[in-house]
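Worksheet for the structure shown next.
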Amino acid sequence: MTGAPADRGFAARPRDSDAWVRAPEAAPRTPRADIYTARLTLDVTPALRGRIKLAAFAQGQTVAEMLRALLDREFPEAAP
């Protein structure tokens, strides 16, 4: 197979988890990402980044989905 990979969607599971952990982060390409208009950037160690990516892979999620859920749990919206 030599062609470009087909678009596998927003939360597709990678075929090779080791290559996926070592790969640089790619920008989301789907319209769903448009609802997240604020970007948060933080520096972590490569080892922590790898652990986060492996945890997301084990849960069948993207890193972004897993971290959004974690941040929502830790910082819920205040009741009106």
Side-chain angles (χ1 to χ4, degrees):
M1 178 176 254
T2 58
D7 184 10
R8 292 184 289 159
F10 188 76
R13 292 179 64 101
R15 292 185 185 150
D16 180 359
S17 62
D18 290 332
W20 178 69
V21 167
R22 288 189 300 265
E25 290 291 326
R29 296 179 297 162
T30 63
R32 182 175 172 201
D34 291 342
I35 63 173
Y36 302 108
T37 58
R39 181 172 297 268
L40 175 65
T41 303
L42 66 150
D43 295 324
V44 297
T45 65
L48 176 57
R49 180 174 172 265
R51 292 194 307 270
I52 292 169
K53 290 180 87 171
L54 286 174
F57 181 76
Q59 295 176 20
Q61 299 177 320
T62 66
V63 169
E65 289 170 338
M66 188 181 75
L67 293 179
R68 284 183 194 119
L70 182 148
L71 292 170
D72 279 341
R73 280 193 313 270
E74 292 297 318
F75 305 100
E77 290 188 36

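Numbering starts at 1 and runs along the sequence shown.
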Using atom types as modelled, flag every donor-acceptor pair under 3.5 Å from a side chain in residues 46-55 to any protein atom, sequence neighbours excluded.
unit_1: Arg49; atom_1: NH2; unit_2: Ala23; atom_2: O; d: 2.6
unit_1: Lys53; atom_1: NZ; unit_2: Trp20; atom_2: O; d: 2.5
unit_1: Lys53; atom_1: NZ; unit_2: Val21; atom_2: O; d: 3.4
unit_1: Lys53; atom_1: NZ; unit_2: Ala23; atom_2: O; d: 3.0

#### Entry: Under the side-chain contact (heavy atoms from CB on, under 4.5 Å) test, residues paired with Asp18 that sit two or more places apart
Asp16, Arg22
Show me the donor-acceptor pairs within less than 3.5 Å that the side chains of residues 69-80 make with the rest of the protein, sequence neighbours left out.
none

